[in-house]
Amino acid sequence: QVQLVESGGGLVQPGGSLRLSCVTSGFTFSGATMTWYRQAPGKERELVARIFRVTGTTNYSDSVKGRFTISRDNAKNTMYLQMNNLRPEDTAVYFCNAQTLSPSSTYWGQGTQVTVSS
């Protein structure tokens with residue numbers, strides 16, 4: 001059974017830091033492209049950061065570039081998002097996503113709430 005479980009969300013003050021984790025099971029993690037998405041109330045779900053399979057190449061949205069760092073540990077089947085210098089506009093539910101090739105599938109976690117407020 002495929003599982004993606006996010007953790008690490010919470011309440012943090014502007015300028016603070018938070019580290020999200022996505023622990024996965026049930027598929028070949030090393031062969032999957034992994035992505036963090038987020039969705040704020042009333043807004044569309046948006047891509048935050050992506051890390052590709054094999055190459056480890058990363059992509060970031062312009063709004064988080066320079067502040068967030070995506071990484072993965074294939075030995076632990078886990079993806080991370082280090083979030084620094086957080087802003088109120090970063091407040092959202094953050095979702096873990098996996099895309100595999102064989103078979104071609106997409107999997108989602110349940111999300112973890114990040115709230116940035118003073």
Side-chain angles (χ1 to χ4, degrees):
Q1 184 174 351
V2 172
Q3 288 188 302
L4 289 75
V5 181
E6 302 96 332
S7 63
L11 176 64
V12 65
Q13 293 185 345
S17 297
L18 218 54
R19 189 193 192 211
L20 306 184
S21 298
C22 173
V23 179
T24 74
S25 60
F27 66 98
T28 303
F29 178 84
S30 61
T33 291
M34 302 296 299
T35 307
W36 286 102
Y37 289 84
R38 68 185 181 188
Q39 187 168 25
K43 291 187 175 182
E44 296 293 317
R45 186 170 299 187
E46 66 170 337
L47 186 150
V48 178
R50 172 168 287 162
I51 183 163
F52 288 89
R53 68 183 187 90
V54 182
T55 65
T57 300
T58 58
N59 289 336
Y60 296 92
S61 71
D62 289 340
S63 64
V64 308
K65 193 173 298 182
R67 300 186 297 120
F68 291 9
T69 302
I70 189 172
S71 62
R72 64 192 295 165
D73 187 338
N74 288 341
K76 296 181 178 180
N77 296 333
T78 302
M79 174 178 64
Y80 306 94
L81 185 67
Q82 179 66 48
M83 305 185 295
N84 298 326
N85 193 23
L86 283 160
R87 305 166 179 170
E89 53 263 42
D90 295 319
T91 296
V93 178
Y94 284 71
F95 296 93
C96 178
N97 172 275
Q99 289 195 310
T100 62
L101 293 178
S102 298
S104 180
S105 300
T106 300
Y107 307 111
W108 291 92
Q110 82 290 344
T112 185
Q113 177 71 48
V114 172
T115 303
V116 185
S117 177
S118 59

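Since the model is a prediction, treat every value here as computed from it, not as a measurement. One is the number of the first residue; the rest follow in order along the sequence.
Tyr94 has its ring centre no less than 6.0 Å from the ring centre of Tyr37.
Using modelled atom types, one finds no donor on one side chain facing an acceptor on the other under 3.5 Å when comparing Ser117 with Thr115. Counted by atom type alone, Arg72 and Thr58 present zero donor-acceptor pairs between their side chains at under 3.5 Å. Side-chain contact, Glu6 with Gln110: a donor N or O sits under 3.5 Å from an acceptor N or O. Between Asn97 and Gln99, the side chains place no donor N or O within less than 3.5 Å of an acceptor N or O (distance only, hydrogens not considered).
Thr100 contributes a side-chain N or O that, together with a main-chain N or O of Pro103, makes up a donor-acceptor pair within less than 3.5 Å. Between the side chain of Thr28 and the main chain of Ser30, no donor-acceptor pair closer than 3.5 Å is present. Of the possible polar contacts, none joining the Thr78 side chain to the Asp73 backbone as a donor-acceptor pair under 3.5 Å is found.
Counting heavy atoms from C-beta outward, Ile70 and Tyr80 have side chains that stay 4.5 Å or more apart. Under the 4.5 Å side-chain criterion, counting only non-hydrogen atoms from C-beta, Arg19 is not in contact with Ser7. Residues Val64 and Glu46 are not in side-chain contact: their nearest non-hydrogen atoms beyond the backbone lie 4.5 Å or more apart. The side-chain heavy atoms of Ile51 and Thr33, taken from C-beta on, include no pair separated by under 4.5 Å. Contact check for Met79 versus Leu4: no side-chain heavy atoms found under the 4.5 Å cut-off. Looking at heavy atoms from C-beta onward, Cys22 lies in side-chain contact with Trp36 at the 4.5 angstrom threshold. Between Phe29 and Val23 the shortest side-chain heavy-atom distance does not fall below 4.5 Å.
Within the model, atoms CG of Leu18 and CG of Asn84 stand 10.0 Å from one another, a figure rounded to the nearest 0.5 Å. Note: Leu86 CG to Gln13 CD = 11.5 Å, rounded to the nearest 0.5 Å. We find the SG-CG distance between Cys96 and Leu20 to be 10.0 Å, quoted to the nearest 0.5 Å. Atom OG1 of residue Thr35 and atom CG of residue Leu81 lie 11.0 Å apart, to the nearest 0.5 angstrom.
Using cut-offs of 30° and 60° for the angle between ring planes, the Trp108 and Phe95 rings count as perpendicular.
Residues Ser17 and Gln82 come closest through the heavy atom pair CB-NE2, 4.1 Å. The shortest non-hydrogen separation linking Arg67 to Asn85 is NH1-O, 3.0 Å. Of all the heavy atoms in Ala40 and Thr91, the pair that sits closest is CB-O, 3.6 Å. Taking both residues in full, the closest heavy atoms of Ser63 and Arg87 are given as O-NH1, 3.8 Å, listed atom of the first, atom of the second, then distance.
Met34 and Tyr60 end up in the same hydrophobic cluster when Ile, Leu, Val, Met, Phe, Trp and Tyr side chains are linked at under 4.5 Å.
At a threshold of 4.0 Å, the pair Asp62-Lys65 counts as salt-bridged, since one of the basic side-chain nitrogens sits closer than that to a carboxylate oxygen.
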